[in-house]
Amino acid sequence: MTGQPVLELTGITKRFGALVANDDISLSLNQGELLALLGENGAGKTTLMNILFGHYTADSGEVRAFGEVLPPGRPSAAIEAGIGMVHQHFTLAGNLSVLDNVMIGTEGLGLFTSARRSARRKLAELAERFGLEVDPDAMISDLSVGERQRVEILKALYRDARVLILDEPTAVLTRIEADKLFDTLRTMTETGLSLIFISHKLHEVMAASSRVVILRGGKVVAERNTADTDRAELAELMVGRRVVRPQRQDQRAGDTVFSARNVSVMQGDRTLLDDVSFEVRSGEILGIIGVSGNGQATLGKLTCGLAEATEGDLTFDGRTARSFTPRDLVESAAGRIPEDRNTEGAIGEMAVWENSVLERISEPRFNRRGFVDRKACRDYAAELIRRFDIRGATPDTGTRLLSGGNMQKMILGRNLASAPRFIVANQPTRGLDEGAIAAVHTELLAAREVGAAILLISEDLDEVNALSDRIQAIVKGRLSAPVAASEADSRRIGLMMAGIWETDGEA
Amino acid sequence: MRLERRTETPLALVLSAPLVAVAIALALSGLLIAIAGANPFQAYYEMVKGAFGSRLSISETLTRTTPLVLTGLAAAVAFRSRLWNIGGEGQFYVGALCAAWLGHSIASVLPAAFAIPVIMVAGMIAGALLLLGPVILRIRFGVDEVVTTLLLNFIVLLFVSMMIEGPLKDPLAFGWPQSVAVNNDVMLPKLLSRSRLHIGLLIAITAAIIIFVVQSRTVFGVKSRAAGLNAAAASFAGISLGGTLLVVACISGALAGLAGAIEVTGLKGYVTLDLSPGYGYSGIVVAMLAGLNPLGVVATALFVAIVFVGADSMSRAMGVPSFIADVIVSISLLTMLVCLLFTTYRVRR
């Protein structure tokens, strides 16, 4: 049931220096529509939405909401006009409750009384109506990513948004959470809300949207009714060429390289990992699948040398210990791809060469009696750029200027360049576009082929299925027994992810 | 109108930021001078003349520059690793007190060529030790070092007061609160005859160059910068945050302590409670104006010294209160902070 255009963008152009982020873009959103804005990273989707919401000012063009021209550069005007935005990176205060976060900015500062009671009622009503259950008194910092997103959506709805823009809403969600989100979004359109969601994931665009606008290189390249198109066509329109993800070839696994035995990690009285055991063998990929917030972060930290086992132990490189330091791991040829490339993987303000060598800067090849051998570092970075096809980078480029995919290739490169025997890849393709995902998968499979033992922690079922030889599910800090990829159908994995697996002997 | 993050900052902008900041600060202070009843342009002329007008005034300005370079470096080194050392003043005084004590007591035991380095190193160690306490508290318990270092300044001043009225009191000072005097043999050699300018200036400039090389060329420099820019990524890469911070703290505290030791052995010869007209605090301004660049610190320390020395003669010639010097320096800090914002962000309409 689509009707009048509620939102119209005409001739939007936005330049950043020499880069034309948006080139004469026009699009419209109709009442009750679920419009997908599809494009690779850097296609200009986020810029466009930021202009629409008033975070940026367009160089030319105008935005109309419900027939009225929106004054440029004023988010408050956009909010008043009934536009709500859910950012990719959430804008919530971690040390405040859900209710506080939702209410923030809706009340005058001069008031002595706060309408908390009516706000609580309104919040509960919205949550009920759209199936967005969340405890209004919970602290944001205690919530999972999926729950935080619900709060973001509620925040927009609380401000009476009639048009909702979601920037890469599933970037941090699992398939299950994402499906649930899209169910919610569809419910919203049925009650007359109009939605735009930004995405580069074809399956969700196909499954959820009613219409799709494809952006490439800052331009609208096509517009389709979702019913009249298919994944292959969208992929080609989005990327501009055909992209094929690599296939895993069967091969025999070798000896165990890294193992964990009955490991628990406690933080205060919270159990983050509960009696976890796994082993990763040479030449195989062990996939850990799970809904976000079930202990993946702790597992990643543990295997990357940033957390210590409270009980149980880890074995790697002939040593058994409660924990390894990052340095131990790097020296014993372990490659580590952190969950969040922006906060842990790379330092944006430093040059590519500095980030390339940061883990190894104390090694003799980069360190001459305490002084940095800059030439050796730059040569090494140049080699990584060449070998791993890091686009738009020189050794002296500021790392912040790299796209997510290229930053990930740099992180991957610095880990893979020295033939690691063990690799932790924690959400290695989160937020990457198709081309970059294919590149990351190819590199991981190549490392597997030459005998690396790879621990893949991922929330992306397609990814785990495509890459893993064996799969374990992580639920509430516990790991299921491993299942061979050949025996893992989506039903079985779905059950495992829900916490249902055969516990041998214990039950 | 809104701010957008720049994708990159042109070098010209980085270099012009402090100049613009100072120009705006002088313009704003000019208003105050006008209110005080003097012609601002003439007042500034008198200020520059007071700082550079004669051989004596040049040497005075450079003498004043010396401690500011060192306290400026102390702040710059610490701030770059996000260690907010506001305790430069206290570290300056413990360095000074240590130098006065040793200069008085060991000069008769050790030859000067040996005693002077010992005194310098002792002053540095004293400064470093004073900063270590707050830093260990921060690493171990997360105690905010802004508070602890700042408050330590007052404790140190009271301690100095106790010492110079007690155990280290100069018996020949007619009851003035003044420490024992440094033996003349261990006073730093003069750089310029018939002036107060001493070789401390060369030590300070050398320190700036060493810090610059350490920061830009050494492994430790890269590690400490990484730790300051992004602690999570640095520890992921295996850099020990606590260890880095401790070393940074030692360097920072040592520089401020050295400033105190040099001020005593180069200039005053003894410690009083007005040994420092706030060198530790001015060092923060010096560091910020320099954009935390160690070589820039030398230039901005000179600027602050010009303002302080020049303001005295300006006040004599024009009848403007000499407090205007503090105003100019303080406003410079504020305008510099605004200018720094524009080096990382641009204004969009």
Side-chain angles (χ1 to χ4, degrees), chain A residues 14 16-19 50 54-57 59 72-75 300-301 304-306 324-331 336 338-351 353-355 357-363 366-374 377 397-401 411 414, chain B residues 1-14 79-82 142 209-244 247-248 251 291-293 340-341 343-349:
Chain A
K14 173 75 179 173
F16 291 104
L19 178 80
N50 276 325
H55 283 308
Y56 292 155
T57 310
D59 296 330
R74 282 187 45 211
K301 277 189 181 148
C304 287
L306 298 173
F324 296 105
T325 65
R327 204 167 176 178
D328 291 338
L329 291 167
V330 171
E331 280 172 4
R336 303 167 306 140
E339 182 176 11
D340 188 333
R341 56 184 162 270
N342 290 307
T343 59
E344 289 191 313
I347 299 176
E349 290 84 351
M350 285 186 139
W353 74 263
E354 289 173 295
N355 276 300
V357 301
L358 201 56
E359 292 175 325
R360 311 179 172 276
I361 194 152
S362 299
E363 290 179 8
F366 301 125
N367 176 350
R368 280 194 306 200
R369 285 190 228 99
F371 284 83
V372 177
D373 186 340
R374 293 181 155 213
C377 294
T397 306
T399 306
R400 189 157 55 84
L401 301 178
I411 294 168
R414 73 179 182 204
Chain B
M1 197 184 86
R2 36 186 317 106
L3 294 173
E4 260 178 37
R5 200 174 174 126
R6 289 175 189 275
T7 47
E8 54 195 319
T9 307
L11 184 66
L13 205 63
V14 175
F79 289 6
R80 205 178 76 139
S81 295
R82 307 260 156 104
I209 293 169
I210 291 173
I211 297 293
F212 177 77
V213 171
V214 166
Q215 285 189 345
S216 61
R217 290 284 186 270
T218 67
V219 170
F220 172 73
V222 173
K223 284 183 177 176
S224 64
R225 197 156 79 90
L229 289 172
N230 180 341
S235 52
F236 187 87
I239 294 167
S240 154
L241 295 179
T244 309
V247 177
V248 167
I251 297 174
L292 307 187
N293 181 314
L340 279 178
L341 182 75
T343 60
T344 39
Y345 292 87
R346 66 167 85 236
V347 181
R348 286 267 166 180
R349 198 207 58 78

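We use all heavy atoms of the structure for the numbers below, so side chains are in, but hydrogens, waters and symmetry mates are not.
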CD of A:Glu344 to OG of B:Ser235: how many Å apart, nearest 0.5 Å?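 Reported to 0.5 Å precision, the distance equals 7.0 Å.
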
Measure the CZ-CD1 distance between B:Phe236 and A:Ile347 for me, rounded to the nearest 0.5 Å. 12.0 Å

What closest approach, in Å, do [X] and [Y] show between heavy atoms, and which atom pair accounts for it?
X: A:Ala346; Y: B:Ala233; result: O-CB, 4.1 Å
X: A:Met350; Y: B:Val222; result: CE-O, 3.6 Å
X: B:Ala237; Y: A:Pro326; result: C-CB, 4.4 Å

Name all pairs fulfilling the side chain to side chain donor-acceptor pair (under 3.5 Å) condition that reach into residues 224-233 of chain B, sequence neighbours left out, sorted by first residue then second.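 Applying side chain to side chain donor-acceptor pair (under 3.5 Å) to every pair that reaches into residues 224-233 of chain B, excluding sequence neighbours, yields A:Glu354-B:Arg225.
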
Between A:Ile361 and B:Ile239, is a side chain to side chain contact (heavy atoms under 4.5 Å, CB included) present by the stated rule, with each step listed? CA-CA 10 Å; A:Ile361 194 152; B:Ile239 294 167; 5.8 Å; no

Interchain contact, [X] with chain B, by part (heavy-atom threshold 4.5 Å):
X: A:Leu306; value: side chain
X: A:Asp340; value: neither
X: A:Arg369; value: neither

Partners of A:Thr325 by side chain to side chain donor-acceptor pair (under 3.5 Å), sequence neighbours excluded?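 Expected list: A:Asp328.
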
Is atom CZ of A:Arg374 surrounded by more than 12 heavy atoms (other residues, nucleotides or ligands) closer than 6.0 Å?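 Result for CZ/A:Arg374: enclosed.
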
Test side chain to side chain contact (heavy atoms under 4.5 Å, CB included) applied to B:Lys223 and A:Ser362, step by step: CA-CA 10 Å; B:Lys223 284 183 177 176; A:Ser362 299; 3.0 Å; yes

Given the options A:Arg360, A:Arg336, A:Glu349, which has more heavy-atom pairs under 4.5 Å with chain B than any of the others?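 Among A:Arg360, A:Arg336, A:Glu349, the one with the most close pairs to chain B is A:Arg336.
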
